[in-house]
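This report refers to the structure that appears directly beneath it.
Everything quoted here is computed from the prediction, not taken from an experiment. The figures that follow rest on heavy atoms only: side chains count, while hydrogens, waters and symmetry mates do not.
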Amino acid sequence: MTEFLIRAPHLDEVQELADLHLLTWKETYGSVFPPSAWGEEAREQRLAMWGAICSRPRPADRFAVAERDGKLIGFAGSGASTDDPPVRERDLFFIYVLATEQGSGVGQALLDAVVSDGPASLWVLEANPRARAFYERNGFVLEGARQATGFDTGGEEVRMVR
C-alpha cells in the first residue's frame with residue numbers, strides 16, 4: 001500500500017469532500033441512522049459546509065484531508081468549542097476515514113494534524129465502540145455529558161475530554 005498524504009482541503013474538492021463525508025457516514029452509521037442522513041438534502045448541507053470550510057475558514061479552525069494515490073480517503077476538523085459552556089477551548093468536530101483505510105494510521109495522522117496532543121473535547125456516538133477506543137488510546141475520557149444525535153434512531157452522543 002502506498003503512503004498517504006495529510007494536507008489542507010482545497011476549494012476544488014468540495015464535491016469530493018461532500019461525497020466522502022456522506023459515504024463515511026453511511027459506512028459508520030448505516031445500521032443506526034436513517035437513510036436521510038446521507039440523502040440528497042444531507043448532500044446539499046455537506047456541499048455548503050465544505051464550501052464554507054474551504055473558502056472561509058475561521059481563524060481557530062484546523063481542517064485536514066488524507067489522500068492516497070490522488071484519492072481522498074479521510075478528513076478531520078477542529079476549532080473553537082461550540083459547547084456552552086465550553087469544557088475545553090478546542091473541539092474535535094469530526095474525523096472520518098473510509099472503512100477500507102481504518103487501522104492504517106490515517107485516523108491517527110488526521111487527529112494529530114487537527115488537535116495534536118493538546119486539550120480538547122469531542123462528541124462521539126455512545127454505540128460506536130471502535131471510535132471510543134481510538135479516542136481512549138489518545139488520552140480522551142468520558143466526561144459525563146450526553147446529547148441527542150438529532151435522529152430518532154442511533155442513541156445518544158457522549159462527550160469525551162483530555
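- Ring pair F63/W50 is perpendicular by interplanar angle, where above 60° counts as perpendicular and below 30° as parallel.
- Considering only heavy atoms from C-beta on, S81 stays 4.5 Å or farther from V87 through its side chain.
- Annotation for D152: atom CG does not count as buried by contact number, only 12 or fewer foreign heavy atoms lying within 6.0 Å.
- When the side chains of ILVMFWY residues are joined at heavy-atom separations under 4.5 Å, either directly or via intervening members, L98 and L72 end up in a single hydrophobic cluster.
- In terms of the side-chain contact (heavy atoms from CB on, under 4.5 Å) criterion, residue partners of T149 (sequence neighbours excluded) are, by chain and number, F33, L125, F151, E157.
- The number of heavy-atom neighbours closer than 6.0 Å to CD of Q147, taken from other residues, nucleotides and ligands shown, is above 12.
- In this structure E143 satisfies the side-chain hydrogen bond (donor to acceptor under 3.5 Å, both in side chains) test together with R159, sequence neighbours excluded.
- E40 is linked by a side-chain contact (heavy atoms from CB on, under 4.5 Å) to R43, E44, counting only residues two or more places apart in sequence or in another chain.
- For the pair S121 (side chain) and D91 (backbone), a donor-acceptor distance under 3.5 Å is absent.
- Between the CD atom in E41 and the CZ atom in R46 there is a gap of 10.5 Å [rounded to 0.5 Å].
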Name the atoms and distances for all side-chain donor-acceptor pairs under 3.5 Å in residues 109-116, with sequence neighbours left out.
residue: D112; atom: OD1; partner: Q108; partner atom: NE2; Å: 2.9

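- Side-chain N or O atoms of R90 include one that pairs as donor or acceptor with a backbone N or O of A60 at under 3.5 Å.
- The shortest distance between side-chain heavy atoms of I53 and V14 does not fall below 4.5 Å.
- In this structure, CE in M160 is found 6.5 Å from CZ in R132, a value given to the nearest 0.5 Å.
- The salt bridge (Lys or Arg N to Asp or Glu O under 4.0 Å) search around E27 returns none, not counting sequence neighbours.
- Put simply, the side chain of R88 gets close to the backbone of R162: a donor and an acceptor are under 3.5 Å apart.
- Under the 6.0 Å cut-off for aromatic ring centres, F140 and F134 do not qualify, their centroids lying 6.0 Å or more apart.
- The shortest non-hydrogen separation linking V106 to A66 is CG1-CB, 3.4 Å.
- Paired with V65 under the rule side-chain contact (heavy atoms from CB on, under 4.5 Å), one option of L17, L5, I73 passes, and it is L17.
- Between G107 and I95, the closest heavy-atom pair is O-CD1, 3.2 Å.
- Looking at residues two or more places apart in sequence or on another chain, you find a side-chain contact (heavy atoms from CB on, under 4.5 Å) between R56 and A52.
- Within the 4.5 Å cutoff, no side-chain heavy atoms of T28 are placed close to those of R130.
- Here the CD atom belonging to E16 is positioned 11.5 Å from the NE2 atom belonging to H10, to the nearest 0.5 angstrom.
- Rounding to the nearest 0.5 Å gives a distance of 15.0 Å between CH2 of W38 and CG of D19.
- Interatomic distance, CG of L20 versus CD of E13, reported as 10.0 Å (0.5 Å rounding).
- Linking ILVMFWY side-chain heavy atoms closer than 4.5 Å, directly or via other members, places W123 and V97 in two distinct hydrophobic clusters.
- Aromatic ring orientation, Y96 versus W25: tilted (interplanar angle from 30° to 60°).
- Taking all atoms of both residues into account, the shortest heavy-atom contact from P34 to T153 is CD-OG1, 3.6 Å.
- Among all heavy-atom pairs drawn from L22 and A42, the shortest one is CD2-CB, 3.9 Å.
- In this structure, the separation between CZ on F75 and CD1 on I6 is 12.5 Å, given to the nearest 0.5 Å.
- By the criterion of side-chain heavy atoms lying less than 4.5 angstrom apart, applied directly or through intervening Ile, Leu, Val, Met, Phe, Trp or Tyr residues, L11 is grouped together with L47 in one hydrophobic cluster.
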